[in-house]
Amino acid sequence: MHELSLATALMDLVREEAAAAHAQRVTRLVLEIGALSHVDAQALRFAVDVAARGGPAEGATLDIQEPPGTAYCLDCETSVTIAARGAPCPRCGGAKLLVQGGDEMRLKEMEVV
Ligand SMILES: [Zn+2]
């Protein structure tokens, strides 16, 4: 499962950051999952729950934000918001779009005690 390996990698990062901050426990994680990232938020939530067990982030509140995808349209030369990869330009219907953002998952914030 794709989400489980992401969650495992995320927990490695969280563990490192928590150790660097001399934190006892991680109380909250804010993740950003771009609309174009092919990551299922529900599946990731479950996977993070499993991956966090026994670590500093066990029981942490998990907030998931899902920013829309952004792309630059070569036809109308405008930055637009798209819901899915391969979607046409919402302004002109063109297909020549360069994805600019919303295609990655990242740890945005972390609260520790
Ligand atoms: Zn366009």
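For ligands, and for the atoms within them, numbers begin at 1 and follow the listed sequence.
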side-chain contact (heavy atoms from CB on, under 4.5 Å) between M11 and L29, intermediate numbers included: CA-CA 11 Å; M11 280 307 127; L29 294 171; 3.9 Å; yes
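- Counting only protein N, O or S atoms, the number found under 2.8 Å from the Zn ion (ligand 1) is 4.
- Sequence neighbours left out, the pairs with a member in residues 52-70 that pass salt bridge (Lys or Arg N to Asp or Glu O under 4.0 Å) are R28-D63.
- Without hydrogens or angle criteria, T70 side chain to Q100 main chain gives no donor-acceptor distance under 3.5 Å.
- Residue pairs meeting the salt bridge (Lys or Arg N to Asp or Glu O under 4.0 Å) criterion with at least one member in residues 4-19, sequence neighbours excluded: D12-R15.
- A salt bridge (Lys or Arg N to Asp or Glu O under 4.0 Å) check over residues 78-107, counting only residues at least two apart or in different chains, returns the pairs E32-R106, D75-K96.
- Residues L31 and L10 have side chains in contact (heavy-atom distance under 4.5 Å, counting atoms from C-beta outward).
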